[in-house]
Amino acid sequence: MIQPRILLALLVSTLAFLCATPTFAQSKPNDDFQLVKVADGVYAAIAKPGGLASGNAGFVIGNDSVLVFDTFFTPAAIELIGEIQSLTKLPIKFAVNSHYHLDHTGGNQALVARGIPIIAHDNVMKWQTTKNKRFLPAPEELQKRKADAATQLSETPEDQKEKRAQLERQIRRLDAMMQIKLTNPTKTFSSGTMKLKLGKREVILATLPGHTGGDVLAYVPDANVVFMGDLGWSKTLPNLVDATVNDWIPTLDTILKDHPTSKFIPGHGNVAEASDIRDFRNYLDDLRARVKQGIVSGLTIDQAKQQLTLPEKYKGFAFQNFATPNVEDVYKELKGTKQVQ
Ligand SMILES: [Zn+2]
């Protein structure tokens, strides 16, 4: 028989544990994303490395319907729909694409197949099935990569568990990529804001320049949460392939001025505070200053890529492989030789 005092202590410690970890939603564990409750009825789906999500997504449950923000890679979008349905019986009324990149739109087909309208910037309609091809190798190439990985797996001994698991993940990812049908949004806009109603709850979409020239963010006023898409990266080096950093820095200043106390769901990285978004803004500003200085001192693009190494304070960021391409992209932007759009 347990002493009442011990029972009480147990109860208190269990409660303390539960209260200390309130942000993780009750979801089945999966390899692709982790569901995080950010506010009442507002969830982030944070991509796990090596899984099928690749980019973050999320959703907002109103009092008569649900909005989905971004669609991962397919079929992970179907897993997200499953998570929503395990939390609520309300229908999904809207989906939003933050921008065209495949890690945020690869699951569009799963939403469209369910008759759910997808809202995005006008440019997503232009780029979704064209520019996205650079992120999606041809089916023959995917087949070849899968066959190569399968051969490697068959040659990897059973006791090399980590290598086998990595190859299995790779095969699973290639299978998922083979299922992707580049699918357009269904309703677009290119300026101002768009207000969506989920019953009493409102979600405000707005478009701002910097990351691709076709980005939309979503603000949930009653929860004080901003879904940033790839306008915001948390402790992660960004992909600047389509970026205009000279537009992006003022965009981030505007967001930080308008939302000083919000929670932010970034396109990559964990749920963030304003300070994380400010760190990201400062990364872009530091990068631009370093490259500008390099150009002034006469560095060629190759010298800049070699010499302008990542400052120590950003060494802990994810996606370190973007450090050198970031220098190249900003160099081209500042020289006026970058091909965007
Ligand atoms: Zn992304």
Side-chain angles (χ1 to χ4, degrees), residues 32-34 36 44-59 68-77 79-80 95-111 118-121 123-124 127-137 173 176-177 180 182-183 185 205 207-218 226-245 247-248 251-252 255 264-272 276-277 279-281 283-284 287 317-323 325-326 329 340-341:
D32 300 320
F33 60 89
Q34 177 168 30
V36 178
I46 303 295
K48 290 186 178 178
L52 304 182
S54 297
N56 296 339
F59 53 91
V68 174
F69 189 86
D70 278 342
T71 67
F72 300 142
F73 260 34
T74 200
E79 292 172 38
L80 185 67
V96 175
N97 286 154
S98 61
H99 63 291
Y100 82 93
H101 288 167
L102 195 58
D103 53 336
H104 301 263
T105 60
N108 277 7
Q109 66 205 60
L111 281 299
I118 301 178
I119 302 162
H121 189 282
N123 285 336
V124 178
W127 300 333
Q128 171 67 5
T129 59
T130 52
K131 283 175 74 171
N132 251 334
K133 286 190 179 139
R134 69 177 139 170
F135 300 118
L136 185 62
R173 194 175 161 87
M177 288 176 84
I180 296 169
L182 298 174
T183 302
L205 307 184
T207 169
L208 286 164
H211 169 249
T212 63
D215 288 64
V216 167
L217 57 75
V226 183
F227 287 84
M228 293 286 278
D230 278 0
L231 285 169
W233 300 58
S234 179
K235 297 186 172 59
T236 303
L237 298 184
N239 182 351
L240 301 182
V241 67
D242 290 318
T244 312
V245 171
D247 291 333
W248 202 343
T251 280
L252 290 165
I255 294 169
F264 297 88
I265 300 171
H268 298 269
N270 289 326
V271 176
D276 300 304
I277 301 300
D279 285 349
F280 172 64
R281 180 243 177 249
Y283 168 76
L284 292 180
L287 173 69
F317 278 33
F319 295 0
Q320 291 281 306
N321 56 315
F322 279 142
N326 280 184
D329 280 317
V340 283
Q341 294 162 25

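Both backbone and side-chain heavy atoms feed into the values below; hydrogens, waters and symmetry mates do not. Just follow the structure's listing: the first ligand is 1, and inside any ligand the first atom is 1. Along the sequence shown, the residues carry numbers beginning at 1.
Relative ring orientation between Trp233 and Phe319 is described as perpendicular, the plane-to-plane angle rising above 60° on a 0-90° scale split at 30° and 60°.
Among protein atoms, those of element N, O or S found less than 2.8 Å away from the Zn ion (ligand 1) are Asp103 OD2, His104 NE2, Asp230 OD2, His268 NE2.
Screening Leu182, Val124, Thr183 against Asn108 for a side-chain contact (heavy atoms from CB on, under 4.5 Å) leaves a single residue, Thr183.
Looking only at atom types and distance, the side chain of Thr105 has no donor-acceptor partner in the side chain of Asn97 under 3.5 Å away. No hydrogens or angles considered: nothing links the side chains of His99 and Asp242 as a donor-acceptor pair under 3.5 Å. Counting only N and O atoms by type, the side chains of Asn270 and Ser234 include no donor and acceptor under 3.5 Å apart.
Not a single side chain to side chain donor-acceptor pair (under 3.5 Å) links Asp279 to another residue, sequence neighbours left out.
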